[in-house]
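Each chain gets a letter, A, B and so on, in the order the sequences are listed, and its residues count up from 1. Just so you know, these numbers use all the heavy atoms, side chains as well, and skip hydrogens, waters and symmetry mates.
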Amino acid sequence: MNQPARRPSLLQILVHVGGWLPLAVLLAAALTDNLTANPIQALEQRTGIIALIFLVLSLACTPLAMLTGWQELRRRKKALGLYGFLYAALHVTIFFAIDYGLDFAAIWRDVRNKSYILLGALAFLLLVPLAVTSIKALKRRMGKSWKRLHRLAYVIPLVVVGHFLLAVKGNLGRLQGNLLVPLLFGVVIVILLVLRIPAVKARFARKPR
Amino acid sequence: MKKPNIPSIPPSEITPKEVYLTRREFIKAAGVIAGSLVLAACVPNLPEDASTQPAPTAAPGKTDELGDALTQYEDITNYVNYYEFTTNKQGVARLARDFQTSPWDVQVYGLVNKPQTFSVDDLVRRYQPEERIYRLRCVEAWSMVIPWVGFPLAKLLKDVEPTADAKYVRFETIMRPDDMPGLESPLYPWPYQEGLRLDEALHDLTILATGLYGGELPAQNGGGIRLVVPWKYGFKSIKAVVKIELTADEPSTLWSRIAPNEYGFYANVNPNVDHPRWSQASERRIGENDRRKTLMFNGYAEQVAHLYAGMDLAKFY
């Protein structure tokens, strides 16, 4: 962490441009009326997918660094995770404020028995403390408990995939319906988690270059 | 059924089709240019050229019998669930652009005295389709108001003479794998099938539609011919019908085979029976921003509630 102030690396630029680009694209689509005939739903679905993509990218940093020896990747997982939080927050805000116009009675009526929304809410509630404690000063003060708390980052993407699987039309038991995309996310996440198991790590790890 | 009182519009008030299309082209082009300035490849799902199809002149001011305006032709033809093409609602119109909808044959068979195969041209000649402005309420909690052109299914069924054993009607969608890329997906038990109880099928509101907005029925909306049952969730209104079979037993349907706990045989629009995924208490009318309350039987309770007298609709969902 003893980097002097210098020009940002290519990867850093990529991460931050990539982080804001989806928002720019969504705004442009909204302004040009290109958000389908059902724009609010389109915004909900797209911010959701984008959030999941960033969470997965964040999760991929450590295993990719291990496989490739490119250590800088490890220092980008925080920014990627925070972009994931940004789009998750947009996703949740659009749901409450735009879709339901903050009509909490209607939200409660529609939400209480919908497991996909409950799982989504759980995922977001778990993300909040991670985003808050990403502040450097807090991290330092929390010491070991920071690491323990941030193990949640392994669980949250799985909760999000559960939310996604329950939100699409289909049937998991029979493997029928629109399950392809959420299942692919699930497979990628599981691989990224398996690569962290010490025995697997020992088999694949390359020496830092 | 009460016929809506439609004020007639003097021809001078109607925007000529050419002007109307040019205006849309302009708006679309502006959108494309602005979009490509950001990053063309990333702009998701620009609505694909409905304009290559002859868009019938819109009828400004027309409403359903509750006074709600018609949904735009472009939205009706570009926001479609039609999984035989793709699960992407905005992608259907492009993929269905070259889909042949004429000539089109429908085979009517099963428990009938006069099984017969009809061409859609035959059917149109025999039954004189008329405009029916219906609300369509998708199980995904969005809705539209659509001016179909069609005729009551009852007319056709009476002519083939169902036998005394006939209790249900089964419908089947065409399978043309070369033209319908979605059929490759093993995640759905093709073909698309739907069914109605015979008395539902004979109800005057139940129509076979052959047209839309006064013009032809576009391929993406179920052309050659489709079923429209306005008091049921949209997935009951099966598209591109090629088989109509009268049966004694309740037919199996595609969605109830996939998830019987979510998609029942009846699938009547019912704000009081919840769905694990979408709110069935409210819906978003395409073209509006606020949610509106979903009406019992999609607003057709007066006409159809008697069909279900004494039934527990929470059980027979």
Checklist line | Considering all heavy atoms, the nearest B:A259-A:G170 contact | finding: CB-O, 4.1 Å
Margin query: Just so I understand: if I count every heavy-atom pair under 4.5 Å between each of B:D75, B:I76, B:I286 and chain A, which residue has the most?
Written below: B:I286
Notebook entry, point to check: Given that the side chain runs from C-beta out, which part of B:P189 has a heavy atom under 4.5 Å from chain A: side chain, backbone, both or neither?
Noted result: both
Margin query: Strictly distance-based, threshold 3.5 Å: is any side-chain N or O of B:Y188 a donor or acceptor partner for the main-chain N or O of A:G177?
Written below: yes
Checklist line | Atom of B:Q90, atom of A:R46 and distance for their closest heavy-atom approach | finding: NE2-NH2, 4.3 Å
Margin query: Counting C-beta onward and ignoring hydrogens, is there a side-chain heavy-atom pair between B:K89 and A:T36 closer than 4.5 Å?
Written below: no
Check: What distance separates B:F235 CZ from A:K169 NZ, expressed to the nearest 0.5 Å?
Finding: 8.5 Å
Item checked: Options A:P22, A:A37, A:A106, ranked by heavy-atom pairs under 4.5 Å with chain B, top entry -> A:A37
Distance-only donor-acceptor pairs under 3.5 Å for side chains of residues 183-196 of chain A, two or more places apart:
residue, atom, partner, partner atom, Å
A:R196, NH1, A:L59, O, 3.1
A:R196, NH1, A:L192, O, 3.1
A:R196, NH2, A:L59, O, 3.1

Note to self: Counting only non-hydrogen atoms closer than 4.5 Å, can you tell me which residues of residues 89-103 of chain A sit against chain B?
What the structure shows: A:I98, A:D99, A:Y100
Notebook entry, point to check: So what's closer than 4.5 Å to chain B heavy atoms on A:V168: side chain, backbone, both or neither?
Noted result: backbone
Note to self: Quick check on B:N289 against chain A: is it the side chain, the backbone, both or neither that has a heavy atom closer than 4.5 Å?
What the structure shows: both
Check: Taking side chain as C-beta onward, heavy atoms only, is A:N113 less than 4.5 Å from B:D274?
Finding: yes
Margin query: Counting only non-hydrogen atoms closer than 4.5 Å, does B:R285 touch chain A with its backbone (N, CA, C, O), its side chain (CB onward), both, or neither?
Written below: neither
Notebook entry, point to check: Just how far is it from atom CG of B:L187 to atom CG of A:L180, taken to the nearest 0.5 Å?
Noted result: 6.0 Å
Notebook entry, point to check: Should we say atom NZ of A:K114 is surrounded by more than 12 heavy atoms from elsewhere, each under 6.0 Å from it?
Noted result: yes
Next item on the list: Would you give the length of the straight line joining atom CD1 of A:I40 to atom CD of B:E288, rounded to the nearest 0.5 angstrom?
Entry: 10.5 Å
